[in-house]
Amino acid sequence: MRTARENWKTYALGVAATAAILSSTACQSGGGDDGKKPTASGAPGASAAPTPSGTPSPAGPTQPGGGGTTSPSRSPGGGSASPGGGDKTDIAACNDNDLSITTSGWRQDSGQHLLITATNFTDKPCTLYHYPYVRFGTDTRDPVAPMESKPKAIATIGPKEKAYAGVFVFRAGQQTRTVTSFALGYQDRAFNSNRDVASLDIGLSPEVGSLTVGPTPRVTYWNTDLRAVEDYLFRSGNS
């Protein structure tokens, strides 16, 4: 009986020792968790992957719900998203150094109208704003008043291109004076600008020779369409 008890005690101690050894081994394998295993902030898990907003997706646009895109938006034509592209208002105003001026008239007109043609002889475009300042002979008063002839678009002319302005000179029965030249000035973008700037004296072409000028001449706006200038110039009330 004593031997059986001793054997049972030895068996129980052996089981307890085995359990203690297994427990110790398990603790050693997991003991490095404290301070050694990387946390989610140290090495990204599945939830910490970069969002599509950081780089363009294969289709191009940023995916909905992203944090924005680092690439600029593009217009359908491949340029920047800013509208317009080439705005003509950014082109410099024409001046004496850009233009060659010629004058001509119309057959069977009795010299009542004058056509002014401006040709851009430079290698850059320029804009003829509003209407030309025209003064006849030695007249230093206000320039000739404009007709109601504002064009649909400003007169921007490239190299070797032309723009036109027509002048109604006199009406039959009016008191007139004869001139052989006129002064021509140009405006900037602001309406009625440069009124006091000295104008360039233009001699009339041999074709015209001289002009008979009445008390109320009128001038059209600059226009790249000659037909439109003629329509304004010869319509009822201007002839």
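In what follows, residues are counted from 1 in the order of the sequence shown. If you're wondering where the values come from, they're calculated on a predicted model, not measured in any experiment.
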Is any side-chain heavy atom of [Y] closer than 4.5 Å to one of [X]?
X: Leu233; Y: Arg218; answer: no
X: Leu211; Y: Leu114; answer: yes
X: Ile154; Y: Tyr129; answer: yes
X: Tyr186; Y: Leu99; answer: yes
X: Phe234; Y: Asp109; answer: yes
X: Arg235; Y: Glu148; answer: yes
X: Phe170; Y: Val213; answer: no
X: Ser210; Y: Thr180; answer: yes

So, [X] and [Y]: side-chain donor and acceptor under 3.5 Å apart, yes or no?
X: Thr102; Y: Ser205; result: no
X: Thr119; Y: Lys162; result: yes
X: Trp106; Y: Gln112; result: no
X: Tyr131; Y: Asn192; result: yes

Contact summary for [X] and [Y], nearest pair of heavy atoms:
X: Arg135; Y: Ser199; answer: NH1-OG, 3.6 Å
X: Ile91; Y: Cys126; answer: CG2-CA, 3.6 Å
X: Phe168; Y: His113; answer: CD1-NE2, 3.8 Å
X: Ala163; Y: Leu128; answer: CB-CD1, 3.5 Å
X: Val229; Y: Gly166; answer: CG1-N, 3.6 Å
X: Val208; Y: Gly105; answer: CG2-N, 4.2 Å

Test side-chain contact (heavy atoms from CB on, under 4.5 Å) on Phe136 and Val144; report intermediate values, then the result. CA-CA 9 Å; Phe136 287 109; Val144 171; 4.0 Å; yes
Return the set of residues passing side-chain hydrogen bond (donor to acceptor under 3.5 Å, both in side chains) with Arg141 (not counting sequence neighbours), or none when no residue passes.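 Counting only residues at least two positions away or on another chain, Arg141 forms a side-chain hydrogen bond (donor to acceptor under 3.5 Å, both in side chains) with Asp139.
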For Gln174, which residues count as a side-chain hydrogen bond (donor to acceptor under 3.5 Å, both in side chains) partner, sequence neighbours excluded?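 Gln174: side-chain hydrogen bond (donor to acceptor under 3.5 Å, both in side chains) contacts with Thr216.
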Distance (rounded to the nearest 0.5 Å) between [X] [atom1] and [Y] [atom2]:
X: Asp196; Y: Tyr133; atom1: CG; atom2: OH; value: 8.5 Å
X: Asn95; Y: Asn194; atom1: CG; atom2: CG; value: 10.0 Å
X: Thr220; Y: Lys150; atom1: OG1; atom2: NZ; value: 14.0 Å
X: Leu115; Y: Tyr164; atom1: CG; atom2: OH; value: 7.5 Å
X: His130; Y: Arg189; atom1: NE2; atom2: CZ; value: 9.5 Å
X: Trp222; Y: Ile157; atom1: CH2; atom2: CD1; value: 8.0 Å

Check the hydrophobic clustering (I, L, V, M, F, W, Y; side-chain heavy atoms under 4.5 Å; chains of links allowed) and say if Ile101 and Leu200 are grouped together.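 Shared cluster, yes.
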Look at the side-chain heavy atoms of Ile, Leu, Val, Met, Phe, Trp and Tyr, link any pair under 4.5 Å apart, and say whether Val197 and Phe191 land in one connected group.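 The answer is no; the residues belong to distinct hydrophobic clusters.
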Give me the one residue out of Pro132, Ser149, Pro143 that meets side-chain contact (heavy atoms from CB on, under 4.5 Å) with Val219.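 The option that passes is Pro132.
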Where the side chain of Asp188 meets the backbone of Ala190, is there a donor-acceptor pair that is under 3.5 Å apart?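 Not a single qualifying donor-acceptor pair exists.
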Does any N or O in the side chain of Glu161 come within less than 3.5 Å of the main-chain N or O of Gly158, such that one atom is a donor and the other an acceptor?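 The answer is yes, because a donor-acceptor pair under 3.5 Å joins these two groups.
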Would you call Lys124 and Asp98 a salt bridge, taking side-chain N to carboxylate O under 4.0 Å as the test?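 Answer for the salt bridge query: no.
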